[in-house]
Colleague: 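This is the structure, below, for whatever I ask next.
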Amino acid sequence: MARHRRPAATLSPSSRERVAATRVTAAERTAVERARRPQLRRRRLWAGALLTVVLIGTALVTHSFTAVPLPDRLQDGLTLAVSVLVESLPFVMLGVLLAVVIEVWVPPGAIERWLPRPAWARRAVLSLLGMLVPVCECGNVPFARGMLMRGFSVPETLTFLMAAPIVNPIVILTTHQAFGFSDGILVARLAGGYAIANLIGWLYSRHPDPKSLLTPRFAQTCATPPTQGRDGRGRRSVTQLLAELRAVMSALVIGSALAGAIQVLVPRDVLIAIGSDPVLSILAMAALAVVVAICSNVDAFFALSFASTFTPGSIVAFLLIGPLVDVKMLALLRTTFTSRLLVGLVAIVVASAFLIGAVVNVVG
């Protein structure tokens with residue numbers, strides 16, 4: 001028996017509202033599907049790039065079982081890229097898991113109510129949050145994405161993101177193990193990292209529209225309310241985990257590949273030759289910090305190998321710049337922030353680290 005629709009004029013007000021809501025929902029779904037088509041194409045490109053890198057890595061691993069040798073420079077580049085990737089991967093996973101916990105499991109307002117109300121005081125406290133999140137810079141990026149999706153502002157998140165790779169217990173212990181308190185390197189690193197982070201947070205708090213510093217894709221993710229409905233926390237956690245891994249892992253692979261390629265192409269002999277100059281040594285170690293892309297938890301031991309030929313200020317500059325704006329970190333940050341913001345971050349961090357390093361050289 002055919003079912004006849006009642007004319008709209010005979011529907012009750014509540015029924016008309018439900019019909020209108022259904023039509024709006026259908027229109028929104030159509031718009032979302034159209035908007036997602038370019039994203040799907042980009043994901044296929046990222047997947048292809050990731051598959052290519054995985055195949056190259058597999059070829060490197062199985063190289064010893066083949067009869068055809070790779071060129072030395074190519075083999076060195078692949079080895080360095082894979083080592084950076086393997087070194088960073090556990091911390092990225094930890095950061096992604098923490099981001100899922102923040103987004104899905106921590107009740108709304110549980111963190112915010114412990115923070116002071118003044119904006120500068122909130123940033124000052126958030127810049128110390130790294131003491132409770134002992135992961136390197138790779139893991140801090142997905143954690144910061146979770147903060148943004150939770151409702152933290154861009155300046156607040158940037159303050160945490162710039163301070164956490166330096167102001168955390170593992171980095172403090174490894175830096176002390178490598179240098180102790182000699183030449184003020186440990187103190188300059190901690191105080192300098194804290195100061196740079198709060199400087200960046202303050203500068204971008206003056207921005208007229210901080211949300212415009214986010215990529216359109218991530219801004220849309222933040223603006224979309226979490227779908228709860230029938231999905232429990234477990235299912236939402238899995239969905240969030242896969243989304244974060246999809247966003248971060250491709251950037252990590254590309255950043256690791258760039259770091260490996262640049263380390264092979266940049267002549268280190270030239271950098272070491274100018275290590276004794278109080279100004280050029282800072283510039284050389286700053287450039288090295290950007291291209292080497294070593295985890296902040298162990299970079300102090302790498303810098304220790306240059307301590308006999310480079311000035312203490314240049315070592316401090318290396319330890320400040322590397323965790324914040326190396327090529328791997330910039331690739332990860334690009335998943336969330338615009339290129340214009342990244343250029344600003346590089347300029348502020350490098351200029352501040354140069355100034356702090358110069359002061360250490362003068363005082364020392």
Side-chain angles (χ1 to χ4, degrees), residues 49 53 56-57 60 71-89 91-92 136-138 140-141 161-162 165-166 171 178 189 192-193 196 250-275 277 279-307 309-311 313-335 337 339 342-354 356-357:
V53 174
I56 294 175
L60 175 65
D72 290 341
R73 181 166 290 190
L74 176 60
Q75 183 173 349
D76 292 341
L78 288 173
T79 302
L80 290 169
V82 172
S83 64
V84 171
L85 178 62
V86 172
E87 181 184 63
S88 306
L89 190 58
F91 297 101
V92 171
C136 75
E137 63 272 19
C138 308
N140 286 322
V141 174
L161 198 53
M162 294 292 103
I166 296 176
V171 172
R189 185 183 199 186
I196 291 173
S250 56
L252 177 63
V253 171
I254 293 174
S256 301
L258 287 174
I262 293 175
Q263 287 186 64
V264 172
L265 298 176
V266 174
R268 293 190 184 182
D269 295 339
V270 176
L271 297 177
I272 297 175
I274 60 179
D277 188 278
V279 175
L280 295 180
S281 63
I282 298 177
L283 297 176
M285 289 300 282
L288 190 64
V290 173
V291 302
V292 169
I294 299 178
C295 173
S296 63
N297 291 339
V298 296
D299 60 355
F301 298 109
F302 177 86
L304 182 61
S305 63
F306 294 91
T309 54
F310 277 73
T311 62
S314 65
I315 300 296
V316 171
F318 175 88
L319 296 176
L320 288 173
I321 294 173
L324 306 184
V325 290
D326 63 30
V327 291
K328 170 172 54 66
M329 183 67 167
L330 292 175
L332 290 170
L333 289 174
R334 188 61 183 87
T335 63
F337 302 103
S339 299
L342 300 188
V343 172
L345 289 180
V346 172
I348 297 170
V349 170
V350 172
S352 301
F354 181 88
I356 295 171

Colleague: Please, which pairs that meet salt bridge (Lys or Arg N to Asp or Glu O under 4.0 Å) have at least one residue in residues 318-327, sequence neighbours excluded?
Modeller: none
Colleague: Of all heavy-atom pairs between G192 and I356, which one has the smallest distance, and what is that distance?
Modeller: CA-CD1, 3.6 Å
Colleague: List the residues meeting side chain to side chain contact (heavy atoms under 4.5 Å, CB included) with A286, not counting sequence neighbours, and say none if there are none.
Modeller: I321
Colleague: When you look at F337 and L161, which way does the side-chain contact (heavy atoms from CB on, under 4.5 Å) test go after all the steps?
Modeller: CA-CA 12 Å; F337 302 103; L161 198 53; 3.8 Å; yes
Colleague: Sequence neighbours excluded and cut-off under 3.5 Å, please list the side-chain donor-acceptor pairs for residues 343-350, or say none.
Modeller:
none

Colleague: By the salt bridge (Lys or Arg N to Asp or Glu O under 4.0 Å) test, which pairs, at least two apart or in different chains, include something from residues 343-354?
Modeller: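 Those involving residues 343-354 do not exist here.
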Colleague: Does any non-hydrogen side-chain atom of P165 lie less than 4.5 Å from one of L324?
Modeller: yes
Colleague: Any chance you could measure L342, atom CG, to R334, atom CZ, to the nearest 0.5 Å?
Modeller: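 Answer rounded to 0.5 Å: 6.5 Å.
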Colleague: Ignoring hydrogens, what is the shortest heavy-atom contact between I315 and A303? Give both atom names and the distance.
Modeller: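 Where I315 meets A303 most closely, the heavy atoms are CD1-O, 3.6 Å.
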Colleague: Can you list the steps and then say if V141 with M329 is a side-chain contact (heavy atoms from CB on, under 4.5 Å)?
Modeller: CA-CA 8 Å; V141 174; M329 183 67 167; 3.8 Å; yes
Colleague: Could you pull out the closest heavy-atom pair between M285 and F318, with the gap in Å?
Modeller: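 Here M285 and F318 meet closest at O-CD1, 3.5 Å.
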Colleague: In chain order, what residues pass the side-chain hydrogen bond (donor to acceptor under 3.5 Å, both in side chains) check against D299, with sequence neighbours excluded?
Modeller: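 Result, side-chain hydrogen bond (donor to acceptor under 3.5 Å, both in side chains) vs D299: R189.
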Colleague: If I compare all heavy atoms of I166 with all of G193, which pair ends up nearest, and what's the gap?
Modeller: CD1-CA, 3.9 Å
Colleague: State, to 0.1 Å, how close I282 and A317 come at their nearest heavy-atom pair, and which atoms those are.
Modeller: CG2-CB, 3.8 Å
Colleague: Search all heavy atoms of L330 against all heavy atoms of V325 and return the closest pair with its distance.
Modeller: CD1-O, 3.7 Å
